[in-house]
Structures are given as structure tokens and as C-alpha cells.
K.L.:
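One structure, pasted below without further comment.
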Amino acid sequence: MASYGFSKAVRVKRGAEFTFALRRGQCAADGVLVLFAVPSQPDAPARLGITIPKKTGNAVVRNRWKRLIRESFRTQIEQIPIGHDYIIRPKKNATLNWIAVQKSVPKLACKATKNT
RNA sequence: CGAGCGGGCGGGUCGAUCGCUGGUCAGGUCAAACUGACUGGAGGAAAGUCCGGGCUCCGUAGGACAGGAUGGUCGAUAACGUCGACCGGCCGCGAGGCUAGGGAAAGUGCAGCAGAGAAUAGACCGCCGAACGGUCCGCCAACGGUGGAUGCGUGGUAAGGGUGAAACGGUGCGGUAAGAGCGCACCAGCGACCGAGGUGACUCGGUCGGCUUGGUAAACCCCAUCCGGAGCUAGACCAAACAGAAUGAAGCGGCGGUCCGUCGCGCAAAAGAACAUUCGGGUAGGUCGCAGUGGAGGCGACGAGCAAUCGUCGUGCAAAGAUAAAUGAUCGUCGUCGCGGCAGGGCUCGCCUUACCGCGGCACAGAACCCGGCUUACAAGCCCACUCGCAAU
RNA sequence: UACCCUAUGGUGUAAUUGGCAACACAUCUGAUUUUGGUUCAGACAUUCUAGGUUCAAGUCCUAGUAGGGUAG
């Protein structure tokens with residue numbers, strides 16, 4: 001049974017890893033989110049990085065986006081292919097909706113990794 | 001009851017499940033990672049970054065200039081552009097509100113259009129006059145003189161009209177050809193002096209003076225007071241891979257607005273060392289700073305003061321600390337507001353009110369070294385003081 | 001996080017010392033033309049917002065809003 005934790009080990013932390021993923025990663029998007037996927041070690045757990053542009057809103061709105069994305073990644077970790085790093089950002093002009101985000105995260109992750 | 005004015009409080013409650021993060025303890029490990037238990041985890045503005053400080057480094061932060069800030073008085077404060085009280089001015093019937101409020105008699109500048117004239121001002125209409133010139137008429141007389149008429153030119157005047165944001169005091173009497181501070185009286189304003197009150201800004205009263213000396217300094221400027229610069233990306237320490245290298249002169253550098261002053265190294269030649277600068281790297285990365293017996297703390301009592309605030313005493317009242325960056329997600333519950341429904345009650349008979357049920361909502365906003373302010377944003381609800389109007393007693 | 005700059009018709013720019021907000025293009029309306037184009041005439045502004053100084057503010061001062069940029 002997969003744990004529902006979200007410790008530091010499963011986060012993307014380095015700025016270089018972010019820029020690499022955004023430039024070279026496989027991209028998938030829908031009306032709510034944009035997701036970039038990059039393969040890491042085959043047996044490594046899936047790692048998540050979230051980037052929210054400042055234009056999204058004020059600090060409260062940005063925090064809420066981040067928490068919802070993280071929460072949907074955490075609770076649905078079984079459905080997400082391992083061995084990849086994921087960078088997620090909200091789509092421009094998208095309105096914040098918990099159900100939509102929840103559906104979108106695993107769908108986009110599968111879609112992006114299938115292409116590699 | 002209506003309208004208003006000033007100020008304060010408040011910032012949802014309690015749980016369940018799954019998570020994040022700091023600390024302590026235990027397990028685990030060479031050391032970590034990791035696991036478990038207990039425990040702490042956003043605000044009144046944490047925001048804007050507009051001021052002021054602490055703290056850190058620059059050099060021991062000292063002088064002058066430049067530059068910047070402030071600008072009624074007294075006080076409060078670590079300090080401030082903040083706060084309190086008071087004074088002056090403007091607004092409001094009033095409670096109250098606003099106020100960058102030193103100097104225009106140190107100097108320079110500016111004032112469009114309109115208007116006659118805009119700063120040692122000016123004469124369009126108007127008013128006045130026959131001294132001068134012109135014109136007309138008469139007389140003597142012979143190219144001149146004299147008398148009268150005329151406001152055409154020249155002249156006097158600024159009371160009145162009109163323009164403007166502003167027109168170089170106002171009213172009355174005298175005066176004059178008409179007028180004018182031309183003279184006088186009173187009033188306003190300015191300056192000097194005297195007296196009274198106040199710590200002071202200033203207020204009140206009196207005497208004298210020349211008769212008036214305008215506005216703008218959030219225009220330049222002058223005066224007074226204050227400010228050294230940069231900031232936690234401050235700064236201290238540890239420290240990879242590759243790979244160490246170049247330059248300097250009797251001056252060079254520290255020195256970040258400029259100069260003085262000051263400090264470090266060097267000043268016969270060569271070599272070395274040292275010093276300084278530049279590039280590679282003091283970089284990537286990490287630890288500390290950094291989270292607390294701490295902060296110009298909070299609360300309570302007493303005292304001083306109109307107040308801001310201060311003093312003394314008491315009080316475990318007190319535990320956020322991330323770094324791609326924690327403080328969350330879902331559900332329930334109670335609270336509250338709005339709308340709708342329904343039973344009861346009131347009654348002016350279609351409105352009000354209470355219990356219950358359903359649906360929907362509950363703001364502004366997220367610590368990043370720490371404090372004191374200011375400014376701006378903010379849902380529902382609550383409290384206090386005061387003013388005006390109407391009605392009743 | 002620290003710091004800096006900008007804002008004027010729909011768009012791109014002007015406005016001297018504070019003194020009637022100007023120009024080009026676009027759009028719309030009308031005229032000319034059989035119609036269209038050209039041409040001509042006209043319309044289109046709360047100078048980002050709110051206060052203040054001044055007789056007078058796009059310009060000066062204060063506070064805010066929005067957008068953009070620089071450093072690490």
C-alpha cells in the first residue's frame with residue numbers, strides 16, 4: 001500500500017532541475033493545468049515541483065493553487081507513473097477549482113509519460 | 001424617532017480522517033536517511049515599503065562643501081515626517097473637521113486671456129480748466145495787438161463706470177477749477193515702544209509714527225534644525241571538481257558625491273617576501289546570523305500628568321521559524337447573516353415577531369532579521385461619548 | 001527580497017518657465033460619386049485615481065492603483 005506522505009524526498013527542489021524540465025520535458029495540458037514530465041531513475045519515486053507565476057494573483061491565491069495541486073498529487077500517488085519528475089503550473093486565466101485540479105493531475109501525468 | 005459627529009471592540013466555534021513543518025525524547029545508523037511518541041505552528045493589518053530606530057559591515061565615522069529631509073509653540077519618545085495638548089487661519093447652526101503654519105522689508109523670477117493700466121502701474125469712457133498753440137467772430141490797426149467763443153491739440157485729475165483671481169486702504173467732513181491722505185476724525189492693516197496674562201506660540205489693552213509699504217517660496221532662494229554610506233542578498237565561518245595565472249609604481253589602495261584629514265603597504269638596484277588589484281572560485285554547496293529569559297514586550301495594581309506617556313511593584317502571561325519556501329485538504333457540527341416555507345402569537349388585517357425546516361453566504365489578506373509608527377484593504381455583528389431637528393413627559 | 005521607471009482620444013507620439021491639451025493613423029457620421037476608392041467637413045479626452053498648493057495643474061507636492069524593468 002502506497003503511503004500518502006509528501007516529504008522532502010518527493011519534491012523537486014533545485015532551480016536547475018526546474019529549468020531543465022520546463023525546457024526539455026514532455027508537456028501535457030488541459031484547461032486547468034500545464035504539466036511537464038522528465039524521466040529520472042527507473043525505480044525512483046515520482047517527484048513533484050510546482051511553479052506559480054506571480055500574475056496568478058496575490059500570495060493567498062498562489063498558496064491555495066499550490067496546496068490544491070500538492071494535495072491532489074499526494075492523494076492520487078498510485079495512479080501516477082513512477083520514475084519521473086513532474087513540474088506543474090496553473091494554466092493562464094484558469095479559475096481555481098478543487099474538483100477540476102483533482103481530475104487533471106493524474107490524467108496529465110499519464111498522458112505526458114506515455115509519449116516518452 | 002430621524003439625521004449626524006468622534007472613538008473603540010471584533011476578525012467565526014468544536015471535532016473526525018489524511019498530510020506538511022520546528023523542537024524534545026526514544027529507537028535506528030560509523031554518521032545520516034528513516035520510524036514512533038509528546039508538543040508548538042500567520043495578522044490586525046503579517047500588505048504597501050512611506051518614515052524612524054536596533055543590529056551588521058565599510059576605517060577610528062572626524063571637518064568642510066555638495067545633496068537630501070523637516071518647518072507654529074510646548075511636551076512625549078530610543079528615534080521619527082509619529083503621537084498628545086495648546087496657539088493662529090479656513091469650513092460647519094453644532095458636536096466637530098481640515099491646516100508643509102519660518103522668511104516676500106536680502107536678492108532674482110513669474111502673473112496667460114480680459115482690461116486704459118498688472119507692480120516706483122495707468123488714462124478708454126468720464127470729470128475739470130481758457131495758462132499755451134490752433135480754429136472762428138469782433139475791434140483797433142496794418143501782418144501785429146486786444147476782447148470773446150470753442151475742449152480740436154497740449155494740460156490737470158483718479159471720485160465714478162467697466163475688466164480681472166488680484167487695480168496701490170474704507171467711511172465721513174473739509175478742501176478744490178475738478179479732484180486726490182492734500183488736511184482732519186474714526187475704522188482696518190503695518191511698524192516701533194509700553195503695560196498685563198502665558199514656559200511659549202500668542203492673546204488683551206494703551207501710546208506714537210509714516211499715511212499703506214500687494215500675491216506666489218508644494219518657483220529659484222535665504223534662515224533654523226537633523227542626516228557618514230550601504231544593507232540579513234548585511235555579515236561570520238566551513239568549503240568541492242578543474243588549474244592556477246597576470247599586473248603595479250614612487251606611488252598604489254582602503255574611499256561607494258567631492259575635497260581635506262586619516263590608515264595600510266612601499267619608496268638606491270636586483271631577487272624573494274609582503275601589499276594591492278584583476279581573472280579562475282572564496283564560486284557551487286553548506287553551517288551560523290535565526291527565534292530566545294526575550295523585545296524601547298504583554299497584562300494587572302498603585303502613583304504622576306489635561307493627555308501622549310512615564311515611574312514603582314507584581315505576574316512562567318509568554319514556545320511560528322520555512323528556504324522551489326511549512327501552517328493545509330475533505331467532511332461534519334454549532335454560531336451568524338440573507339432568502340423561501342410552515343405552525344403559534346400580536347394586530348391598524350397584511351404586516352410584524354419567535355421556534356423549526358430548506359437553500360445560499362461568512363471579508364481583507366500569508367510571517368521571511370527584529371521593533372516603533374504612518375498609509376492602504378476589510379464581511380457580519382457589538383459598544384461608548386457627543387451634536388442638531390421633531391414629538392412626548 | 002531590494003531598487004528603479006512609466007501612465008495623455010481606439011493605437012503610436014507632442015505640449016518651452018504652470019497659462020486655450022496638439023499631430024498622424026484607425027473608427028464612426030455626412031458631402032462629392034451610378035457604386036467603391038480618393039478628396040473635403042465633422043465627431044471621438046474625467047491627461048491612471050484621490051486629495052492639496054496656486055487666480056490657474058497634463059506639468060508642482062502627498063497618498064494610492066496598474067503596467068514594465070534591474071540585481072542576486
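Letters A, B, ... are given to chains in the order of the sequence lines, protein chains preceding strands, and every chain is numbered from 1. Predicted model, so just to flag it, every value in this text is computed and none were measured.
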K.L.:
Tell me which of A:W98 and A:V61 sits closer to the 5' end of RNA chain B, going by the nucleotide each one is nearest to.
P.N.:
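Final value for this comparison: A:W98.
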K.L.:
Applying a 3.5 Å limit to both distances, which nucleotide forms a Watson-Crick or G-U wobble pair with B:C290?
P.N.:
none
K.L.:
A:K91: what forms a salt bridge (charged side-chain N to carboxylate O under 4.0 Å, His left out) with it, not counting sequence neighbours?
P.N.:
none
K.L.:
List for me each residue that meets side-chain contact (heavy atoms from CB on, under 4.5 Å) alongside A:R89, sequence neighbours excluded, and say none if there are none.
P.N.:
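Here the qualifying residues are A:V34, A:F36, A:T51.
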K.L.:
Syn or anti for B:U293, taking syn as within 90° of 0?
P.N.:
syn
K.L.:
Each nucleotide N or O in nucleotides 69-71 of chain C that has a protein N or O under 3.5 Å away: list the pair and distance.
P.N.:
none

K.L.:
Could you identify the nucleotide paired to B:A320, looking across every strand shown and requiring Watson-Crick or G-U wobble geometry with both distances under 3.5 Å?
P.N.:
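Checking every strand shown, B:A320 finds no partner, since no pair has both distances under 3.5 Å.
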K.L.:
Syn if the chi torsion is within 90° of 0, anti otherwise; quick check, which is B:A42?
P.N.:
syn
K.L.:
Provide the distance between the two P atoms, one in B:G63 and one in B:A240, to the nearest whole Å.
P.N.:
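Roughly 46 Å separates the two P atoms.
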K.L.:
When the C1' atoms of C:A56 and C:C40 are compared, how many Å lie between them, rounded to an integer?
P.N.:
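Per the computed distance, 38 Å lies between those C1' atoms.
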K.L.:
Measuring only between side-chain heavy atoms, which start at C-beta, is A:V60 closer than 4.5 Å to A:R64?
P.N.:
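A side-chain contact is absent here, since even the closest heavy-atom pair is not under 4.5 Å.
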K.L.:
Go nucleotide by nucleotide along RNA chain B from the 5' end; which of A:G49 and A:L68 gets its closest nucleotide reached first?
P.N.:
A:G49
K.L.:
Does A:R70 reach a base, just sugar-phosphate, or nothing at all? Heavy atoms under 4.0 Å.
P.N.:
sugar-phosphate
K.L.:
For B:G96, decide between syn and anti, treating a glycosidic angle within 90° of 0 as syn.
P.N.:
anti
K.L.:
Calculate the interatomic distance between A:N63 atom CG and B:G19 atom P; express it in whole Å.
P.N.:
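Value for this atom pair: 22 Å.
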K.L.:
Taking the C1' atom of each, how far is B:G298 from B:A318, in whole Å?
P.N.:
8 Å
K.L.:
For B:C378, which nucleotide is its Watson-Crick or G-U wobble mate, given both distances must be under 3.5 Å?
P.N.:
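Base-paired to nothing in any strand shown.
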K.L.:
Take atom CZ of A:R64 and atom P of B:A365, then tell me their distance rounded to the nearest Å.
P.N.:
15 Å
K.L.:
Output the rounded distance in Å from CG (A:N58) to P (C:A66).
P.N.:
10 Å
K.L.:
Only pairs with both distances under 3.5 Å count, Watson-Crick or wobble alike; so what is the partner of B:G248 in this structure?
P.N.:
B:C275
K.L.:
Where does B:G44 fall, syn or anti, if syn means a chi angle no more than 90° from 0?
P.N.:
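B:G44: syn glycosidic orientation.
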K.L.:
I need the CD1-C1' distance between A:I69 and B:A329, as an integer number of Å.
P.N.:
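Computing the A:I69:CD1 to B:A329:C1' distance gives 14 Å.
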K.L.:
For A:E71 and B:A326, what is the distance between atoms CD and P respectively, to the nearest whole Å?
P.N.:
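In whole Å, B:A326 P lies 13 Å from A:E71 CD.
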K.L.:
Write down the partner of B:U387 under the Watson-Crick or G-U wobble criteria, each distance required to be under 3.5 Å.
P.N.:
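Because both required distances fall under 3.5 Å, B:U387 counts as paired with B:A3.
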K.L.:
Do any side-chain nitrogens or oxygens of A:K66 fall under 4.0 Å of OP1 or OP2 in B:G328?
P.N.:
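For B:G328, OP1/OP2 do not have a side-chain N/O of A:K66 under 4.0 Å.
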K.L.:
Taking the P atom in each of B:C34 and B:A322, what is the distance between them to the nearest angstrom?
P.N.:
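Here B:C34 and B:A322 have their P atoms 16 Å from each other.
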K.L.:
Report the secondary structure of RNA chain C in dot-bracket form, marking unpaired bases with a dot and bases paired to a different strand with |, and treating Watson-Crick or G-U pairs with both distances under 3.5 Å as paired.
P.N.:
(((((((..((((.....[..)))).(((((.......)))))....(((((..]....)))))))))))).
K.L.:
Expressed in angstrom and rounded to an integer, what is the separation of A:K54 atom NZ from B:G48 atom C1'?
P.N.:
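Taking NZ of A:K54 and C1' of B:G48, I get 12 Å after rounding.
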K.L.:
Do A:K54 and A:R62 have side chains that approach each other closer than 4.5 Å (heavy atoms only, starting at C-beta)?
P.N.:
yes
K.L.:
Roughly how many Å is it from CZ in A:F73 to C1' in B:G328, rounded to a whole number?
P.N.:
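Atom CZ in A:F73 sits about 17 Å away from atom C1' in B:G328.
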K.L.:
Which whole number of Å gives the distance between the C1' atom of B:G289 and that of B:C238?
P.N.:
15 Å
K.L.:
If two hydrophobic side chains count as joined below 4.5 Å and joins carry through other members, does A:I52 share a cluster with A:L33?
P.N.:
yes
K.L.:
Not counting sequence neighbours, which residues clear side-chain hydrogen bond (donor to acceptor under 3.5 Å, both in side chains) with A:N97? List them please.
P.N.:
none
K.L.:
If you look at every heavy atom in A:F73 and A:R47, which pair is closest and at what distance?
P.N.:
CZ-C, 4.2 Å
K.L.:
Which residues pass the side-chain hydrogen bond (donor to acceptor under 3.5 Å, both in side chains) test with A:N63, sequence neighbours left out?
P.N.:
A:K66
K.L.:
If every non-hydrogen atom of A:A46 is compared with every non-hydrogen atom of A:P81, which pair is closest and at what distance?
P.N.:
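Smallest heavy-atom distance, with atoms named: CB-O, 3.8 Å.
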K.L.:
Which pair of heavy atoms, one from A:G25 and one from A:V38, lies closest together, and at what distance?
P.N.:
CA-CG2, 3.6 Å
K.L.:
On a whole-Å scale, what distance lies between the C1' atoms belonging to B:C388 and B:U216?
P.N.:
41 Å
K.L.:
Which atom names give the shortest non-hydrogen contact between A:Y86 and A:A109, and what distance separates them?
P.N.:
CE2-CB, 3.9 Å
K.L.:
Using atom P in both nucleotides, what's the gap between B:C317 and B:A3 to the nearest angstrom?
P.N.:
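Rounded to whole Å, the distance is 49 Å.
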K.L.:
Mind listing the closest non-hydrogen atom pair of A:S72 and A:Q102 along with its distance?
P.N.:
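Smallest interatomic distance, heavy atoms only, reads CB-CA, 3.8 Å.
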K.L.:
Anti or syn, where syn is a glycosidic angle within 90° of 0; which label fits B:U213?
P.N.:
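It is syn.
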K.L.:
Tell me the partner of B:G280, counting only Watson-Crick (N1-N3 plus N6-O4 or O6-N4) or G-U wobble (N1-O2 and O6-N3) with both under 3.5 Å; none if nothing fits.
P.N.:
none
K.L.:
In the structure shown, which nucleotide is the Watson-Crick or G-U wobble counterpart of B:G109, with both distances under 3.5 Å?
P.N.:
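Base-paired to B:U216.
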K.L.:
To the nearest Å, how far apart are A:R62 CZ and B:A368 P?
P.N.:
13 Å
K.L.:
Please state the P separation for the pair B:A284 and B:C259 - nearest whole angstrom.
P.N.:
35 Å
K.L.:
Could you please name the partner base of B:C190, counting Watson-Crick and G-U wobble pairs only when both distances are under 3.5 Å?
P.N.:
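Partner of B:C190: B:G209.
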